[in-house]
2 protein chains.
Amino acid sequence: MQITLKDIARMAGVAESTVSRALNNKKGVGEKTRKKIIKIAEENNYRPNQLARGLAANKTNMIAVVLSEMDSPGNIEIVKSLEEAAEADNYQIILCNTKNDPEKEKSYLSLLESNQVDGAVFIGGKLVGSHLLRASLDDNAIVLVNRLSEENFFTSVLTDYSIGIYKAVNHLLEQNYNNIALVCGSRNNLIEEEKISGYFNAYQEAGFKADQNLIFETDSSRQGGYNAFLEIIKNDSVPDAFISTKELTTIGLVEAIKTGGFFIPDDFAVVGYGDNILTSIIEPPLTVLSEPSKELGRISFDYLLKLINDNLEGQQIKVLAPNLIIRDSSISKYN
Amino acid sequence: MQITLKDIARMAGVAESTVSRALNNKKGVGEKTRKKIIKIAEENNYRPNQLARGLAANKTNMIAVVLSEMDSPGNIEIVKSLEEAAEADNYQIILCNTKNDPEKEKSYLSLLESNQVDGAVFIGGKLVGSHLLRASLDDNAIVLVNRLSEENFFTSVLTDYSIGIYKAVNHLLEQNYNNIALVCGSRNNLIEEEKISGYFNAYQEAGFKADQNLIFETDSSRQGGYNAFLEIIKNDSVPDAFISTKELTTIGLVEAIKTGGFFIPDDFAVVGYGDNILTSIIEPPLTVLSEPSKELGRISFDYLLKLINDNLEGQQIKVLAPNLIIRDSSISKYN
DNA sequence: TTTATTTTCGCAAGCGCTTGCGTAATGTGG
DNA sequence: CCACATTACGCAAGCGCTTGCGAAAATAAA
C-alpha cells in the first residue's frame, strides 16, 4: 500500500492542504509545522503520486523527445544533453522513436494532447506532418530541432547546413578539388534544400559553376552512402571529391570508396558529417562538418521550458553553424 | 480547453461511465451506443487524459528504462528493441541515464515509487544499489539486464559473459596465442567476475595456466581501453593477444595498439566486444563477441510485462550466450 | 402474458493531489 | 488591553477518469 498525503497529514495532525504546501515550499505554513511535516514525510519515505499531482496541477514534468532516428550518434548526443538539461530542471524524458514514420509521429503527438507531457521536442524528421503539428498546437509547447517547417512557424533550433556545406565546398575548392559531389537526403525535405543552396553559393562565389548532376539524393543510412558512391561513379563526369551530409551515409560512402579500391584523399577527397566516434575511428582521419549536438540539445530544452512556462515571446529560431574540422581526407597531396 | 469524457458523454446523451466503458472495450454497453460513442469521440478528436486514467486505474502504461550509460551502442540497441516491444503493447518508455551514478539511479527509482511508471528495466550498472532496489520492491515490476545482483533476487536477462570469454580464449589458444590479456571492468561488479571465470576455465581446460597479471581492470570508456594497453605493455610478460570485454574499451585498445606502431593481428591479436557499427568499421576487421542486444531488449520487456500483469511465477533468469564472430584481427598468420 | 435471466446503463464514490477562500491564531501599534 | 493587520491553517471543491453496484430495459423461458 502506498503512503499518501492523507497519511502524512494524519501523522502530523494537520490538514492535507498544509502538508501539500509544506512539501512544495509554498508559503502559508509556519516554519515549525513545515519542519515537522518534512521530517515525518522523510521518515516515512513519502513519495507524492505524480499522477495525482499532475492531474490536479495540470503539469507532469515530463517532456516527449520525438526522434526521427535513433541510429545517428548525433541524435543520441542531442538526447543526452537534453536529458541532462531536463534532469537539472526536474523533468523526465519520454523517448519516442518514429523511424521517420509520420504515422508514428502522429501517434506520439497524442502524448501532448492527452496531457501526458508538458511539451515535446522533435529531432529531425521530414516536414510532412507539419499541418498535423500545427493542428495540435492548441496550446502545446513544441520545439523543433534540425527540422524545417514550411510555415516557419515553430520555435526551432537548427544547424545551419547551408553555411556548413558552403564551408566544405570552399575548403575543397581551395584544395583544388573542383568536381565536388554532394550526397544529401531526399529533396522533399527543406533541410536538404538548405544544403544544396550552400553548395551552389560556394561555387558561385568562387566563380565556378556547379554541376547539377553532382548532387545525389539518398536515404540517410550507411547503405545509402554506399550506394550513392556506386551510382555516382557511373556518371559521365566523375567527381574528385565528396561531401556527405549525413552521419551514416558518410560511413557507407567511405566504405564504398575503399571497397572499390580507391584511396582517400588521393582518388577522392571526402568531407563527412558529424564529429563523432564513428568518424573519428574510420580511416583515413576524416574531415567533417561537426554538428553542435550538445548546444542543440541544451538550447532546445531551454526554449521548451520557456514555452511551457509561457516565458517565450513569439517564435524563436536559433541557428547554429557547424564547424569544419579538417583532417587528412580532404588534404590534397598536390598542393 | 481540453475536451473530456464528460463532454463526450453529454454529446452522446449517456453517462460518463458508459463512455468510459465504450471507449475501453469493456463489456456492459450495447453495440449501438458503443458505435455512436466511438464515432462522437473520433469526430471530436477526443484524447483521454492519461493522468486521470492512470490515477483512477492505477496504471500508467509507462515504463522506466534506466541506463547505466548511453554511449554504448549495444545499450542503445537494447533500448531500441525495448522501445519497439513496448510500443507494440502500447507502453511508453521513460529514458533515464544514470551515467553509473548510484545516486541518480536512486532518484530514478522514485519514478516507480511515485507511481509514475508501471515498471522499470535496469540496463547494466553496478550492483551497488541492490539493497535499495530490494527496498523498493514492495510490489514493483523490475527487470535487470546485464546486471548481477548479489542476492540473485531479481528477474533478469543476462549475457553469458563467462561462456563468451571462454569461447574467445579458446579461439585464441587455437590460433596459438597463449598469452592472452583480458581487459575488463572493475571487479567490484559481479559481471566482471563472470568474465574472469570464463577466462580461467578456458585456460584450465586447455591445460595451460592463466596469468593473473594479464587481467586488467579499467573503466568502460574508450580512454579506458587506450590506457589499458599502455599499462599492459609495461608488464614483464607482454601478451600476444587481447580480449576486450566492453564496446568502447575495444575501440580505445585498438587505437592504442595502432598508435603504438603495432599491427593487428601480427603483433597482437584482438577479440573485441560488440558487433556494432563501430567494430565493423574499425581496421582491421575485428573478431568480436556479439551481444544479443535485440533479444535482451525484447525478452526483458516480455518479462516486465508479465511482472506488471502478475503473470510471472517467481523469479526468472534468462541467460543468452554471445556469439563469437571471427574476423581478421584474431587470425594468426603462422597457422 | 408472466416470471426469470441477462444485458445495458446511470449513480456516485474514489484515485491522491492542489488551491481559493474563509476563519482562527498570532503579532503589531496605540 | 484593544483594534487592526498579518500569518497560519483547515475546508471543500475539483482535476478527468474508472468501477462496483443497483435499477431499468431488453430478452428468454415458462
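Below, chain A is the first sequence line, B the second, and so on; all start at residue 1. The basis for the numbers below is simple: all heavy atoms, side chains too, and nothing from hydrogens, waters or symmetry mates.
The main-chain N or O of B:Gly74 is found under 3.5 Å from a side-chain atom of B:Glu247 such that the two form a donor-acceptor pair.
Of the listed nucleotides (D:dT19, C:dG16, D:dG16), D:dG16 has the atom at the smallest distance from the side chain of B:Asn49. Taking every side-chain heavy atom of B:Ala15 into account, C:dG10 is the closest of C:dG10, C:dC17, D:dC9. Between D:dC17, D:dT19, D:dG10, one nucleotide has an atom nearer to the side chain of B:Pro48 than all others, and that is D:dC17. Of the candidate nucleotides D:dC9, C:dC9, C:dG14, C:dG14 has the atom lying nearest to any side-chain atom of B:Ala56.
B:Lys32 places its NZ atom 11 Å from the C1' atom of C:dT8, with the value rounded to the nearest Å. One interatomic measurement links the two molecules: CG of A:Leu23 to P of C:dC17, which rounds to 9 Å at whole-angstrom precision. Look at CG on B:Leu51: it is 13 Å from P on C:dT18, rounded to the nearest Å. Here the P atom of nucleotide C:dA13 and the CD atom of B:Glu16 are 14 Å apart, to the nearest Å. Look at CD on A:Gln2: it is 8 Å from C1' on C:dG16, rounded to the nearest Å. A straight line from CD1 of A:Ile8 to P of C:dC17 spans 9 Å, rounded to a whole angstrom. In this structure, A:Ile37 atom CD1 and C:dC17 atom P are separated by 13 Å, rounded to whole Å. Remark: P of D:dT7 and CZ of A:Arg34 are 14 Å apart, rounded to the nearest angstrom.
Residue B:Thr33 places at least one side-chain N or O closer than 4.0 Å to OP1 or OP2 of C:dC9. Between C:dT18 and A:Asn24, a contact under 4.0 Å exists linking OP1 or OP2 to a side-chain N or O. Distances shown here put every side-chain N or O of A:Arg53 at or beyond 4.0 Å from the OP1 or OP2 atom of C:dG16. Distances shown here put every side-chain N or O of B:Tyr46 at or beyond 4.0 Å from the OP1 or OP2 atom of D:dG16. Distances shown here put every side-chain N or O of A:Ser20 at or beyond 4.0 Å from the OP1 or OP2 atom of C:dT19.
Contact annotation: the side chain of A:Leu23 approaches that of A:Ile38 to within less than 4.5 Å [non-hydrogen atoms, C-beta and beyond]. Using a 4.5 Å heavy-atom threshold, the side chains of A:Val79 and A:Met70 count as separate. Two residues are said to be in side-chain contact when any heavy atoms from C-beta on lie closer than 4.5 Å; B:Thr155 and B:Ile142 fail this criterion.
Put simply, the side chain of B:Arg10 and the base of C:dG10 share no donor and acceptor less than 3.5 Å apart. A:Arg47 contributes no side-chain N or O that forms a donor-acceptor pair with the base of C:dG16 under 3.5 Å. With hydrogens and angles ignored, no donor-acceptor pair closer than 3.5 Å exists between the side chain of A:Ser17 and the base of C:dC17.
At the heavy-atom level, A:Gln50 lies nowhere under 4.0 Å from the strands shown. Residue-level contact check: A:Gly28 touches the bases, meaning some heavy atom is under 4.0 Å from a base atom.
When each of B:Val14 and B:Ala57 is assigned the nucleotide of DNA chain C bearing its nearest heavy atom, the one mapping closer to the 5' terminus is B:Val14.
Under a 4.0 Å N-O distance rule, the pair B:Glu87/A:Lys104 qualifies as a salt bridge. With respect to the salt-bridge test (charged N to carboxylate O, under 4.0 angstrom), the residues B:Glu43 and B:Lys39 qualify.
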